[in-house]
Each structure stands twice: as structure tokens, then as C-alpha cells.
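See structure below.
Index from 1, following the sequence.
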Amino acid sequence: MLFFRSMSGSTLRRVRAALFVGTVLTTASLPYALSSMAHAAADDSASLDMLEKQMARIQAQQMELQKTLVGMQKQIAAHRAALAHNGKGGSLHHAGTAHSQPEPEDSSEWAEHEPPHGSHTATAMNTRAPHHATGPDAQPVFSGIDDKPDVEAVIGHRAEDIISHLAENGVGPHPRETVGAQAAGALGDHGVFHMGPVSLILGGFLDASTVLENRHVPSGTFNYWQAMPYPNESRYHTNNFEGSARYSRISLMARGNVDAHSTISGFYEMDFGAGAATTDAYESNSYAFRMRQLYLAYDNSDINFHFLAGQAWTMLTPGRIGIIPRQESLPETIESSMLAGQTWARQLQFRFVQDFFKHRLWLGLSIENPQTLYDTTGFTNNSGTVQLPNGKIATISSNGTGLTNDAPFSNEIAPDIIGKVAWDPSWGHYEAEGILHFPHDRVSSLGAGHNNTAIAGGGGGSMVLPVIPQKVEVRLAGLAGVGIGRYGSVLLPDATLKTNGEPAPIPSVQATGGIIAHPNQRIDVYGYFGYQAAGRRYSNYDNHPYGYGNPAYSNLGCGIELSDELSDLGCTANTRSVMEATIGAWYRFFKGKYGTVEAGAQLAYSRRDAWKGQGGGPDTSMSQIFLDFRYLPFQ
């Protein structure tokens, strides 16, 4: 009977049908056999004993068949009961298989059919031995644990969801409909296709977002806080409304199982967030298709090793569980720049991760693409060629050529080196991280020159605290150091220059905190506070100020409209800090086989403070209302 326990539902049905046909055929042949035996008895009474023996054999065979059928019916009933028991913890979406359970057409049936928001069927992780098949059709199994997932559990969840349950921390993977999951690139449960041994999984959404703000910052729903105007600019005194569908997104993951323990996947994610040379806001609004994420990943659950190569969220980005792609902890905000003080970048990387202790402890090393964001206030900067006060030239960047866009690309001598440790106990997710960065430039004079390299870097951490698991969580994150300002949403500078042309890394700190609630399956509510600040790095040469935050800079005209155009008063106003406080909510009013339709609203208040100079330290603020309407066909 143990043989039948390993059979799938369709296999059991086929076996039951075969046995039924066998029984019918045996029963149908019984009259013919009896008739033949009766004729033989009439011819020869000595054949009566043989007739009785044949009847006894037929009756014995029929009894054995009946016993087998009864036993199989019991096994089928037990199998169905086990599936029904697993279904109590949540819907088991068997991606692209014949076992898929249909979702309710009517969203009013959620309470009966859908799991709590963000939950997954951990009960499917039972002690039944998985099929240890090999080849491209094999399903991955997980070693080093007491409760191993069976085939149904593996094909019913994404790989990252499986790992999250093996090291259950109360946080779990993203609720996929949330905007935090969408920003990280989490995939839904629809749109799954198979091409031989490779599965193709579609993702993304159609987005229509707007912002109404009391300052004119022409960046749409992408906040560029450094452009928040002071009163000396006319756009400080005007409101602004802007809407766009440019942040609609599409993604595709190709995934195949190499063998029973290893999986390889490729992930593409694109949107229309880039502005092309032909983009205009008056007629076509033709924003350019751009790459967000594009990477391959290899996961081996036998040796618990994970590798990623390509463009993805930097490993400095806070996560929710382990060190897993598409499980980054990102705000649920509507604004596409997310939140002031949020640590993130999307860039090329080669990431190596090893996990230990039943997927509880994670160690990661990532080699990532470097860039240095320079501030050259006080200097004359001509497309990356900076005139120094001693007459020499410092080259800090060059504009892209060939197939590369005409924008600054800094000189770099080595990649950024990032290390991270993540810990998932039974409650909460905790991370600590560090980074090394190497700003580099060249100082030249006629016929000679030399290179300069500085050492920069810093460290930080994050945590996700499931105050009420799957209902309310608190997120905290921070990063501090020198020369790493570009890793924050505000894009404060990494470095400036000394008067001799050497890079001078600028101190910076950034932090975020938030409370996110899922009162029910329809609603998400959030509140965040973010902060990012930059220190001073300045020098003086021949009574002329240089660098970042120099107190000798003039801020006398920052409070007078058109002072830059109509007076000699200046407004240098290097940014000292930016803060943002925001609240918002998302409401899902449709969900079914056709996908999910949701709407969101967000209120945000931002404040920008500048370093003090002549005339003091000016400040400015901005209030915003964001509205969004979004269709997720694959969620």
C-alpha cells in the first residue's frame, strides 16, 4: 500500500479505472465459463470436481479483486483528506500543473478560499519522502532539515517561498500584491507556461499614477529631493500636477531544474521610466523602455549555495528573509523613488551566498559595479574635467560614448565590495552589512600627471519585526559611512575634491523606519519616516572657498525670488539633510483568475535643509498627494 501513497491524484484515477475494467471483464466472462463447465459435466459426470475447483478459483480471484478495490478506495480517500487538510492553511497554487486549484471568481469568496495575507501552506512540508528524480524534469529537494517538502509542496510555491518556510521567521515572503513586493520584482501565481524542461513565468502590472504637490519639481512621481526649490526660484511658489503610466512594468522569469537539488533561472524586469531624446510632455509622452533587473541565478539546495550574476538590487538593500532575490524589503509607497533615506541601487553584481543551520544563518559576498557621485561646488567642472586652483586639471569622469548615453561615468579603479550576514530566528529578520568603495581620479599638468585613490565605505543593518505575524510588522534600516551617499534615495554626493585634486569622501548617514499593516486581504496601510544627511568636506585656496558645505559660501539670496537672475546675491545651499514622513494605503477591489486590481493613495511631507553659509542655512519643504490605479494580471 505504500506504493499507492506516492502516486499523484491523476495516477490513482488511472489505476482505479484499470482495476474497474478488469473486474467488469472478469464478471462478464463468468457466465460463459459456467456454461462451458455445465456442458462438460453433462458429457462426463467425472468433470464435476473440476467445475467446482474452477468456480472456487474464480471466487477467490473475485474476492482478492474486491479487497484490492476497497484498499485503493481507502488510499484515495486518505490522499484527498491530506490534500484538503493542506488546503486549510492556504491555497496551493500548483504553477502550471494539472493539480492547480481554481481561484474563486467572486472576490467575496476570499474568506473561504484564500489564505491570510502573505501566508503560505507550511503544512505541506510533511515528512513524506520526495521523489529523487534526476534530469531537467526533477523537482528540487532540500537537505539538512527534518521536514522535507514533497513534490506537491515544491511545485506549489516559488523557490524563495520554500526556503522561507524551512527557516520560518514570522516574516515570510512578501504578500505578492503589495507594492513592496512589486518593487522587489516578486512574481505572482498566474502566467506560467512550459517550454520543455523550462518554465516561463510572467509578471508585472499596468500603472497609472499621479502627484499633486505644492512645489513644481518636474520629476513626476519620482521624487528628486535635491531639486526641491528654495524661495529664490519661481517654481517654489507654484503648485504642480503630473500623471503618467511610465512606471508600468513587465517581467519574465525562465526557470529550469538542473537536477534534484539545483535550479537555474533568469529574470528580466523592465519599465518605461527612462526619458528619451524625443520624449515630450505635450503630445506623445513617449518614455523609453529601460532595464530594471536582468540577472541569472543558480541555487543548490544540497550544499546550500546560491549565486547571482547580472543587474539586481544591490546586496545592501534590506531584505525580508535570508539573502534572496525578489525578497528585498522595499516601501509600499506610490512614489517610484520609494522613500528618503532608503538604501538601494540596481547595478551589475556577482553575488555569492552560503546558508547554514537549516537556512537560518546567511553569509553573502557581492562584487558590484562602482560609481562615485562628485560635488564640485567652487570648482569649474567641464564634463568631468575640473580646473584646480593650482592650475592643474583633475579628471573625475567622462561622458559616455558609442552605444552609451551621453552622461557622466566616473573613473573607477576597483569594484565595490559588499558583505552581509543575515539571521532568521523564529521571530524576525536581522541583517548586518559593510561596504568598501574606492574613489579614483587623475590630476594632470602639461606633460605629466598622477592618479589618486581614496578608501571609502561604511556599514549598517536592518531588521523586520513581525509584531503580529502576517498582520503588522515594523521595519528599521540604516547605513552610515564616508563616500557612499549614492546608495540612498536622496542621492547625496559621495565625494568632493581637495584643492590639490585628490578625492575627499563625504560622510553620510541614512535611516528609515516604518509600520506596515494588513488588516485584511483587501487593505494594506503603511507609515514611514526616512532621513538622509551629508557632512562637510571643504577647503580654501587663496581666499576662495571650495568643497561641500563650506561656510564661506553665500546663501544671502535663497529667500528672495529671482535673486540669481536680478541680483548678485547667491544661493549655494549645499544640502545638509532631507527627511520625509508619509502615510498611505492600498485597496484591492478585484481579485480572481483575471488578476488583481488595486488603488492607492499616499500623503507625503518632505523637508530639505542646507548647510549654513553667509546668510544662514536655508530650508524648504514640499507636501504631496499621490494617487495610483494598478492592474496586476499575474497576481
Taking the six-membered ring for Trp, is the centroid-to-centroid distance between Y526 and Y528 below 6.0 Å? yes
Taking atom [atom1] of [X] as the centre, report whether more than 12 heavy atoms of other residues, nucleotides or ligands fall under 6.0 Å from it.
| X | atom1 | value |
| --- | --- | --- |
| L566 | CG | yes |
| I455 | CD1 | no |
| L476 | CG | yes |
| Y430 | OH | yes |
| I367 | CD1 | yes |
| D280 | CG | yes |

Side chain proximity check, [X] to [Y], heavy atoms < 4.5 angstrom:
| X | Y | value |
| --- | --- | --- |
| W313 | R292 | yes |
| Y548 | P493 | yes |
| Y224 | S337 | no |
| F205 | D207 | yes |
| S508 | I484 | yes |
| P439 | D494 | no |
| D628 | W586 | yes |
| P415 | N369 | no |

Closest heavy-atom pair and its distance - [X], [Y]:
| X | Y | value |
| --- | --- | --- |
| A504 | R537 | O-CG, 4.3 Å |
| M270 | M291 | CG-CA, 4.3 Å |
| L212 | F241 | CD1-CB, 4.2 Å |
| P389 | F379 | CD-CE2, 4.0 Å |
| I334 | A601 | CD1-N, 3.7 Å |
| T575 | A534 | O-CB, 4.3 Å |

The test is side-chain contact (heavy atoms from CB on, under 4.5 Å); show your working for H440 and N452 and say whether it passes. CA-CA 6 Å; H440 181 75; N452 300 294; 6.0 Å; no
So, [X] side chain and [Y] main chain: donor-acceptor pair closer than 3.5 Å or not?
| X | Y | answer |
| --- | --- | --- |
| T496 | D375 | yes |
| N574 | G549 | yes |
| Q510 | Y487 | yes |
| E431 | G319 | yes |
| N555 | G617 | no |
| Y553 | T377 | yes |
| Q327 | H174 | yes |
| W427 | P466 | yes |
| T582 | L603 | yes |
| Q347 | E368 | no |

Would E412 and T372 count as a side chain to side chain donor-acceptor pair (under 3.5 Å) here? Give the steps. CA-CA 8 Å; E412 300 294 341; T372 303; 2.9 Å; yes
Could you go through the salt bridge (Lys or Arg N to Asp or Glu O under 4.0 Å) check for R320 and E473 one step at a time? CA-CA 11 Å; R320 294 181 61 82; E473 64 185 38; 2.8 Å; yes
Please assess R235 against E213 for the test salt bridge (Lys or Arg N to Asp or Glu O under 4.0 Å), listing each intermediate value before the final yes or no. CA-CA 11 Å; R235 58 193 182 93; E213 53 199 7; over 6 Å; no
Side chain to side chain donor-acceptor pair (under 3.5 Å) assessment of S554 paired with Q614: CA-CA 5 Å; S554 174; Q614 296 181 24; 5.0 Å; no
Only one of V490, T512, L330 clears side chain to side chain contact (heavy atoms under 4.5 Å, CB included) with L339; which? T512
To the nearest 0.5 Å, what is the distance between [atom1] on [X] and [atom2] on [Y]?
| X | Y | atom1 | atom2 | answer |
| --- | --- | --- | --- | --- |
| K498 | Y541 | NZ | OH | 15.5 Å |
| T333 | Q602 | OG1 | CD | 5.0 Å |
| S329 | Q342 | OG | CD | 7.0 Å |
| N382 | T380 | CG | OG1 | 9.0 Å |
| R486 | D416 | CZ | CG | 5.5 Å |
| S621 | R608 | OG | CZ | 12.0 Å |

Identify whether the distance between the nearest side-chain nitrogen and carboxylate oxygen of R346 and E328 falls below 4.0 Å. no
Thinking salt bridges, do E233 and R215 make one under a 4.0 Å N-O criterion? no
Which is it for V171 and I321 under the side-chain contact (heavy atoms from CB on, under 4.5 Å) test, yes or no, and what are the steps along the way? CA-CA 7 Å; V171 176; I321 189 162; 5.8 Å; no
Set out, in order, the CA-CA distance, both residues' side-chain angles and the distance that settles side-chain contact (heavy atoms from CB on, under 4.5 Å) for Y230 and C571, then state yes or no. CA-CA 9 Å; Y230 292 104; C571 184; 4.3 Å; yes
Assess whether salt bridge (Lys or Arg N to Asp or Glu O under 4.0 Å) is satisfied between R246 and D271, documenting all intermediate values. CA-CA 7 Å; R246 62 189 294 191; D271 69 8; over 6 Å; no
Can you tell me if Q624 and N223 form a side-chain donor-acceptor pair at under 3.5 Å? yes
For S489 and Q532, which I'm curious about, is there any donor-acceptor pair between the side chains at under 3.5 Å? no
Determine, stepwise, if the pair D441 / N411 fulfils side chain to side chain donor-acceptor pair (under 3.5 Å). CA-CA 6 Å; D441 72 356; N411 297 344; over 6 Å; no
I would like to know whether E332 and I516 meet side-chain contact (heavy atoms from CB on, under 4.5 Å); could you show each step before the answer? CA-CA 8 Å; E332 274 74 6; I516 303 89; 4.0 Å; yes
